[in-house]
Amino acid sequence: MMGPSSQGLGRRLSMLLSLDLVNFEWKIFPDGESYFRLLSKVDDSVVLVHSLTPPQDKRIVELFFLLKLLSDYRAKDIILVIPYLAYMRQDKRFLDGEIVSVEVLADLLKTYDIDRYVFVDVHSGEVLKFFGNRAMEVSAFPLIGDFLSKYHLINPIVIAPDAKAFKYAETVAKIIGAESDYIVKRRDRSSGAVESELKEFNVGGRDVILVDDIISTGGTMINAIKILKEHGANRVFACCTHGLFIGNAVINMFNAGVYDIISTDTIESYYSRVSVAPAIASAIKSIIK
Ligand code: R5P
C-alpha cells in the first residue's frame with residue numbers, strides 16, 4: 001500500500017517483492033481536507049510506504065488516516081516504510097526551549113501497533129532511538145555509488161559538505177574506487193546561515209562528487225560547490241538521498257557551478273535518478289523471511 005507521496009517508489013517496491021497493491025480512493029476536499037476510502041481487503045500483513053515530504057504536516061495527517069484504516073480493517077502486521085522522515089533534523093534541543101519534533105512523531109506513531117519501521121538515511125542515530133528496536137535504517141549511498149560507477153569520471157574524489165556526512169562519502173568512494181574527505185561546515189543555529197571551509201586537499205582538474213543526506217535550501221551544497229570551483233574542481237556532482245529542493249535550490253546550485261544533481265525517489269522529483277526500492281526490498285525480505 002503506498003500513500004499519495006510514494007506512488008512511484010511503492011510501485012517499484014511491489015514489483016520487486018511481488019506484492020499486491022492495496023487500492024484506495026484518495027481526494028482532497030475543496031477546503032483542503034484529505035479523504036481516504038479503502039477499496040481492497042487488508043486482513044493480511046501490509047507494507048505501507050508513505051514518505052513525509054512537503055507539505056510534511058499534511059503528509060503526517062494522511063499517514064495517521066491510513067494507519068487508522070489498516071487498524072480498523074484488521075491488517076495483521078504492519079511494516080511501515082517512511083522513506084523520508086520529516087522532522088528528523090530536529091532530533092534534539094539545539095537551543096533551550098525547542099521542541100524535539102521527531103520524538104513527538106515517534107510517540108504519536110506508538111498509538112498504532114506497527115511491527116517494524118523502515119527508514120532511509122535518517123540523519124542521526126538519535127532519531128532511530130525514538131522508535132526503539134522495531135526501527136531499521138537502510139542507506140541509499142551504495143545505490144548512488146553503483147549509479148555513479150557507470151559515469152566516466154576524471155580522477156574523482158568524493159567529498160562530504162560537512163563532517164557528519166563523511167560516512168556517506170566513504171561508502172560512495174569505496175564503490176567507485178576514489179578518495180574521500182569532508183569540508184568543515186559551521187551553521188548558525190538561530191539564523192540557519194552556513195559557512196564552509198575547504199581543508200588541505202587538492203581538487204584541481206578533478207571531478208568531485210559531493211554527497212549529503214538532504215538537500216533542502218541548497219545552502220550547504222552551494223557553499224561547498226563554490227569553494228570547490230574556486231579551487232579548480234572540474235565537474236561537481238551534487239548527490240543526496242533526500243532532495244527537498246526548496247525554493248530556488250536547484251537554480252542556485254546550477255548558478256554556483258554544479259554540473260549535475262542526483263537524488264533518489266524517497267522524495268520524487270526530476271532529479272530522482274536512483275531508486276531506493278532495492279535497499280528497502282532487501283530490508284523487507286529480511287523482516288518477512
Ligand atoms: C544537515 O546536517 C544536513 O545533513 C544537510 O546538510 C542540510 O540539512 C542541508 O540543508 P540545506 O540544503 O538547507 O543547507
Side-chain angles (χ1 to χ4, degrees), residues 1-17 47-60 62-63 66 79-91 101-102 105-106 109 114 116-125 127-128 131 135-148 160-161 164-165 167-169 171-172 209-218 220-221 237-246 249-250 253 260-284 287:
M1 179 179 200
M2 62 267 193
S5 55
S6 296
Q7 294 287 304
L9 176 56
R11 255 171 231 285
R12 289 186 269 281
L13 206 50
S14 75
M15 271 157 54
L16 285 177
L17 293 167
V47 176
L48 170 59
V49 190
H50 185 72
S51 210
L52 300 178
T53 59
Q56 293 88 330
D57 297 351
K58 184 152 191 63
R59 297 292 179 220
I60 289 169
E62 289 168 354
L63 173 60
L66 292 170
I79 298 174
L80 176 57
V81 181
I82 306 186
Y84 173 67
L85 178 64
Y87 292 111
M88 64 178 157
R89 286 175 289 173
Q90 197 63 35
D91 58 351
S101 321
V102 74
L105 186 54
L109 283 166
I114 295 163
R116 295 304 290 264
Y117 296 91
V118 181
F119 303 111
V120 185
D121 292 321
V122 286
H123 189 65
S124 83
V127 173
L128 290 182
F131 294 87
M136 281 180 86
E137 181 191 22
V138 301
S139 181
F141 288 98
L143 297 164
I144 292 174
D146 290 344
F147 179 82
L148 286 164
K164 224 171 169 180
K167 60 180 180 184
Y168 307 131
T171 302
V172 173
I209 316 295
L210 271 172
V211 293
D212 205 355
D213 54 349
I214 303 172
I215 300 178
S216 179
T217 63
T220 303
M221 282 293 188
F237 297 79
C239 310
C240 68
T241 305
H242 311 293
L244 286 162
F245 305 130
I246 303 302
V250 165
M253 279 194 282
D260 205 356
I261 301 170
I262 295 157
S263 71
T264 79
D265 52 0
T266 62
I267 300 172
E268 291 173 12
S269 78
Y270 177 76
Y271 296 99
S272 301
R273 316 270 282 282
V274 173
S275 176
V276 293
I280 296 174
S282 315
I284 292 173
I287 297 169

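Because the structure is predicted, anything quoted here is derived from the model rather than measured.
Applying side-chain contact (heavy atoms from CB on, under 4.5 Å) to V118 and the options V47, I82, I287 leaves one that passes, I287. None of R12, R273, R11 except one satisfies the salt bridge (charged side-chain N to carboxylate O under 4.0 Å, His left out) rule with D265; the exception is R12.
With 3.5 Å as the limit, one finds a donor-acceptor pair spanning the side chains of D121 and S139.
The structure places OG1 of T220 at 9.5 Å from CD1 of I214, a figure rounded to the nearest 0.5 Å. Interatomic distance, CZ of F237 versus CD1 of I262, reported as 6.5 Å (0.5 Å rounding). Note that NE2 of H50 and CG of L80 are 9.0 Å apart. Values are rounded to the nearest 0.5 Å. Atom CD1 of I280 sits about 11.5 Å away from atom CZ of F119, to the nearest 0.5 Å. Interatomic distance, CG of L13 versus OG of S275, reported as 8.0 Å (0.5 Å rounding).
Between L63 and L48, the closest side-chain pair of non-hydrogen atoms falls below 4.5 Å. Residues D57 and P55 fail the side-chain proximity criterion, which asks for heavy atoms closer than 4.5 Å. When side chains are defined from C-beta on, V127 does not count as touching E137, because their heavy atoms never get closer than 4.5 Å. T171 has its side chain within reach of P142: a pair of non-hydrogen atoms, C-beta onward, lies under 4.5 Å apart. A 4.5 Å side-chain heavy-atom check between L105 and L85 finds at least one atom pair inside the cut-off. Here the side chains of I60 and Y87 are in contact, with some heavy-atom distance below 4.5 Å. Contact annotation: the side chain of C239 approaches that of L148 to within less than 4.5 Å [non-hydrogen atoms, C-beta and beyond]. Between K164 and S124 the shortest side-chain heavy-atom distance falls below 4.5 Å.
Contact between D91 and H123 at its shortest, heavy atoms only, is OD2-CD2, 4.5 Å. The nearest pair of heavy atoms linking G3 to L66 is CA-CD1, 3.9 Å. Here the closest non-hydrogen pair linking S6 and S51 is OG-N, 3.0 Å. Smallest separation of non-hydrogen atoms from S269 and S272: N-OG, 2.8 Å. Across every non-hydrogen atom of A238 and I215, the tightest pair is CB-CD1, 4.4 Å. Across every non-hydrogen atom of V138 and A279, the tightest pair is CG1-O, 3.8 Å.
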### Test side chain to side chain contact (heavy atoms under 4.5 Å, CB included) applied to Y117 and V122, step by step
CA-CA 12 Å; Y117 296 91; V122 286; over 6 Å; no
### Task
Check the pair L16 / I284 against side chain to side chain contact (heavy atoms under 4.5 Å, CB included), numbers first and verdict last.
CA-CA 11 Å; L16 285 177; I284 292 173; over 6 Å; no
### Task
Could you walk me through whether M221 and I261 pass the side chain to side chain contact (heavy atoms under 4.5 Å, CB included) test, one step at a time?
CA-CA 10 Å; M221 282 293 188; I261 301 170; over 6 Å; no
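Remark: the backbone N or O of L9 is paired with a side-chain donor or acceptor of E268 at under 3.5 angstrom. For S216 (side chain) and L244 (main-chain N/O), no donor-acceptor pair under 3.5 Å exists by modelled atom type. A donor-acceptor pair under 3.5 Å links the side-chain atoms of T266 to the main chain of T241, judged by distance alone. Proximity of a side-chain donor or acceptor of E62 to a complementary backbone N or O of P4 within less than 3.5 Å is not detected. Using a distance-only test at 3.5 Å, with no hydrogens or angles considered, no donor-acceptor pair links the side chain of S5 to the main chain of L52. Under a 3.5 Å cut-off, the side chain of H242 and the backbone N or O of I267 do not form any donor-acceptor pair.
Relative ring orientation between Y271 and F245 is described as perpendicular, the plane-to-plane angle rising above 60° on a 0-90° scale split at 30° and 60°.
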